[in-house]
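What follows is a set of notes on a single structure, which appears directly below.
Note that this is a predicted model, so its numbers are computed, not measured. By convention in this document, chain letters (A, B, ...) are assigned in the order of the sequence lines, proteins followed by strands, and residues within each chain are numbered from 1.
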2 protein chains.
Amino acid sequence: MADHPARLRRAAEQMSAHGVDALLLGPGADLRYLIGYDPPPLERLTLLVVRADATATLVLPALEEELARHAGLPEQVTVAAHGETDDAYALVHRALGDAQAGRLAVGDRLWTMFTLALQDQLPQARWALASTVTSRLRAIKEPAEIAALREAGAAIDRVHQRLPGLLAPGRTEAEVARDVAAAIVEEGHEQVSFVIVAAGPNAASPHHESGSRRLRDGDPVLVDIGGMRDGYGSDCTRNYVLGEPPADYAQAYARLREAQEAAVTAIAPGVTSGAVDAAARDRLAAAGLAEAFVHRTGHGIGLEEHEAPWIAPGGETLLEPGMVFSVEPGVYLPDRWGMRLEDIVVVTEQGAESLNRLPHDLVRV
Amino acid sequence: MADHPARLRRAAEQMSAHGVDALLLGPGADLRYLIGYDPPPLERLTLLVVRADATATLVLPALEEELARHAGLPEQVTVAAHGETDDAYALVHRALGDAQAGRLAVGDRLWTMFTLALQDQLPQARWALASTVTSRLRAIKEPAEIAALREAGAAIDRVHQRLPGLLAPGRTEAEVARDVAAAIVEEGHEQVSFVIVAAGPNAASPHHESGSRRLRDGDPVLVDIGGMRDGYGSDCTRNYVLGEPPADYAQAYARLREAQEAAVTAIAPGVTSGAVDAAARDRLAAAGLAEAFVHRTGHGIGLEEHEAPWIAPGGETLLEPGMVFSVEPGVYLPDRWGMRLEDIVVVTEQGAESLNRLPHDLVRV
């Protein structure tokens, strides 16, 4: 069980360090992180107003008041419920007090319909993003969070172990994807986040949507999958091949594997996120594959599938023990094939520990 | 197959009618409606800029360009892709041209991280919500959309038909909910939107989260479920009872049923949304249950589970043929029980047609 009162106090410290007078958070990961409440994201206003003294008001629809109380809110949180015809923004006004003329940090994913209404109601405020306050807090995982991410990683590994039995010539990407989605749930996730099954040239599109293409002999197949388990994300990519792959594919895969492993080896406390990206990128560039690596090396993962830290060119985030992110370089040749090798890693005192444990070999089916 | 070029032209007409110089839409229902593209909602900027002449620019991450082209974009749309280290907002700037000093209507659910960046980059603009332009367009469904909603309604009806076999003393709400979620997919939805299984006093919380309570003899059980089928939503609530319900429950249920049916009977072209709400509310008030009906009577449904029109007290929307919404009055007695009866209906030339066809009787298990 997370210590939400302590998290609220740490958030208040970050607010004061960053000149933020109040946090305004809708449904989503920040709200869940700070108070353990996960409301449905709907059109009625749910907004947590966190003040500089670490007390907070949860403005919510009256018909969800019982739901929130049932979640076990931390002691610092007061509930302010609005009925169907009440003015919900008047409650926000009251909760802000003097802070309404200050610098307000709004949830990064709050719907714009709420933000424009807040801007209209609070004309004196200056606006910032909540990630200013929350992203560093959330980026450094507590031991229980790392344990949850480890379980999610083991669960997605078990799904990948089932892949060779699901890939066969004649099956469509979409048929395989449907079976994979079922396996993600069967292996312990409460939710499927995404399933990318990309065969042959389709894998050259990094976010390909699994479709009607039938697998055929000689196809390389990229499988990138993830779900949420006990509220924390998994995300892992492996590469399969039906029979014999194209000769240049196998050669490039060897280089990709070296690049992924070089990036993981580069990880240590105090190293920049940009240096980890460069470790993978430089290896691929040395192999003449710089142009074929069209995205960043990785992204943080936790309560969201994509969150800080970002492992990208020029990134200046200093890595710290407890940070968890993906290391996933890729090589994409349009109209030919694509490949990506991805593990989730946690930064340790010594370096990095991978939460995905399956071998990095190309899997021949 | 939807006629996206025609939808873009209708959107442009609405823009000019409402003094909007450009629409700025992120991933979500408006984007899907106008151009048929359904990108993953991630942290890289995807933004459709629709101009007053019905031409548009789709700004997107380069690694999703293939995904977008594969979706078959309408002829009026130009693609502008940004690489991992490019300035995506420069592309928005260019796509806007002169409109950057005008009135810009931003997607209602666009993440605030993008909206604050847009406000920063476009200091001369005035801001509005995209629903100003899109909600009336989307509220009046085309025949193919009504057909899709009808199929979704039939699919969720089949799930409700399976409920008596899933409800038994000793099972927990969460166990039933898991089976219901599987049935929602088995009956033809690609996605589960929500599953509320609320037994006994838990049903007094309208958005109750299915939990550890075990069903017992005499429990009334509220089951409100929905999913997405071919991109369109289903949403239906029925009430079950294990054995004999409390006496006041059965009496109130008879009043609830009359209220739901009175609201459906009130529906016709030209009637206000508020009059439909009043038809249900007045019936319940006459039975002394005004205080127990704590929410509005309904919400539109289509590409989103909740969208315009809103069927609420005082609502001034004039109903038109092709509008589709829920009619779902409820009665909630805290610490005792709760009930809600919900069908999705489509407004016809003559009145209303229900897309959910199961009887309104209390279902005894």
Side-chain angles (χ1 to χ4, degrees), chain A residues 24 26 38-44 61-67 69-71 83-85 106-117 119 127-131 178 181-182 185 191-192 194 202 204-209 211 294-296 299 304-307 310 312-314 330 332 334, chain B residues 24 26 38-44 61-67 69-71 83-85 106-117 119 127-131 181-182 185 190-192 194 202 204-209 211 294-296 299 304-307 310 312-314 330 332 334:
Chain A
L24 300 174
D38 190 22
L42 293 172
E43 67 282 358
R44 297 176 179 96
L63 79 169
E64 291 173 6
E65 187 167 355
E66 193 53 37
L67 188 66
R69 295 197 187 279
H70 190 76
E84 290 283 71
T85 55
V106 186
D108 294 49
R109 298 191 180 186
L110 187 72
W111 294 351
T112 294
M113 58 184 278
F114 300 123
T115 303
L116 290 193
Q119 290 181 334
W127 303 91
L129 291 176
S131 54
R178 202 185 48 219
V185 173
Q191 194 187 303
V192 178
F194 57 88
N202 286 344
S205 171
H207 284 177
H208 175 68
E209 185 171 11
V294 298
H295 55 70
R296 66 185 174 211
H299 56 81
E304 291 175 307
E305 284 285 346
H306 289 188
E307 60 182 43
W310 311 102
Y332 309 94
Chain B
L24 300 174
D38 190 22
L42 293 172
E43 68 283 358
R44 296 176 179 96
L63 79 170
E64 290 171 8
E65 188 167 355
E66 193 53 38
L67 187 67
R69 296 199 185 278
H70 190 75
E84 289 284 68
T85 54
V106 186
D108 294 50
R109 297 191 182 186
L110 187 72
W111 294 351
T112 293
M113 58 184 277
F114 300 122
T115 303
L116 290 193
Q119 291 182 334
W127 302 93
L129 291 177
S131 54
V185 173
E190 62 266 12
Q191 194 186 301
V192 179
F194 56 89
N202 286 344
S205 171
H207 283 177
H208 175 68
E209 184 171 12
V294 298
H295 55 71
R296 67 189 172 208
H299 57 81
E304 290 175 308
E305 284 286 344
H306 289 189
E307 60 183 42
W310 310 102
Y332 308 93

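At a 4.5 Å heavy-atom cutoff, B/Ala204 makes no contact with chain A through either its backbone or its side chain. Looking at A/Ala128, the atoms closer than 4.5 Å to chain B (heavy atoms on both sides) all sit in the backbone: N, CA, C or O. Residue contact with chain B, scored on non-hydrogen atoms closer than 4.5 Å, is absent for A/Glu305. Neither the backbone nor the side chain of A/Arg178 comes within contact range of chain B, judged by heavy atoms closer than 4.5 Å. Of the two parts of B/Gln119, only the side chain, counted from C-beta on, holds a non-hydrogen atom closer than 4.5 Å to a non-hydrogen atom of chain A. For B/Pro206, the parts lying near chain A are the backbone and the side chain together; criterion is any non-hydrogen pair under 4.5 Å.
Between chain A and the residues B/His207, B/His299, B/Arg109, the largest count of heavy-atom pairs under 4.5 Å involves B/Arg109. Comparing A/Thr115, A/Leu129, A/Val185, A/Asp38 by how many heavy-atom pairs each has under 4.5 Å with chain B, the most go to A/Leu129. Ranking B/His70, B/Glu66, B/Glu43 against chain A, the residue ahead of the rest is B/Glu43, based on heavy-atom pairs under 4.5 Å. In terms of heavy-atom pairs under 4.5 Å with chain A, the best-connected choice from B/Leu116, B/Leu63, B/Thr112 is B/Thr112. Put simply, of B/Arg44, B/Arg296, B/Glu304, the one with the most heavy-atom pairs under 4.5 Å next to chain A is B/Arg296.
With sequence neighbours excluded, no residue forms a side chain to side chain donor-acceptor pair (under 3.5 Å) with B/Ser205. Partners of B/Glu307 by salt bridge (charged side-chain N to carboxylate O under 4.0 Å, His left out), not counting sequence neighbours, listed by chain and number: B/Arg138, B/Lys141.
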Does the pair A/Trp127 and A/Val106 meet the rule for a side chain to side chain contact (heavy atoms under 4.5 Å, CB included), with working shown? CA-CA 7 Å; A/Trp127 303 91; A/Val106 186; 3.4 Å; yes
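Closest non-hydrogen pair, B/Leu42 versus B/Phe114, comes out as O-CZ, 3.7 Å.
Taking the charged nitrogens against the carboxylate oxygens, B/Glu209 and A/Arg69 have no contact shorter than 4.0 Å, which rules out a salt bridge.
Put simply, the side chain of A/Asp108 never gets that close to the backbone of B/Met113: no donor and acceptor are under 3.5 Å apart. A/Glu84 places no side-chain N or O within 3.5 Å of a backbone atom of B/His295 that could act as its donor or acceptor partner.
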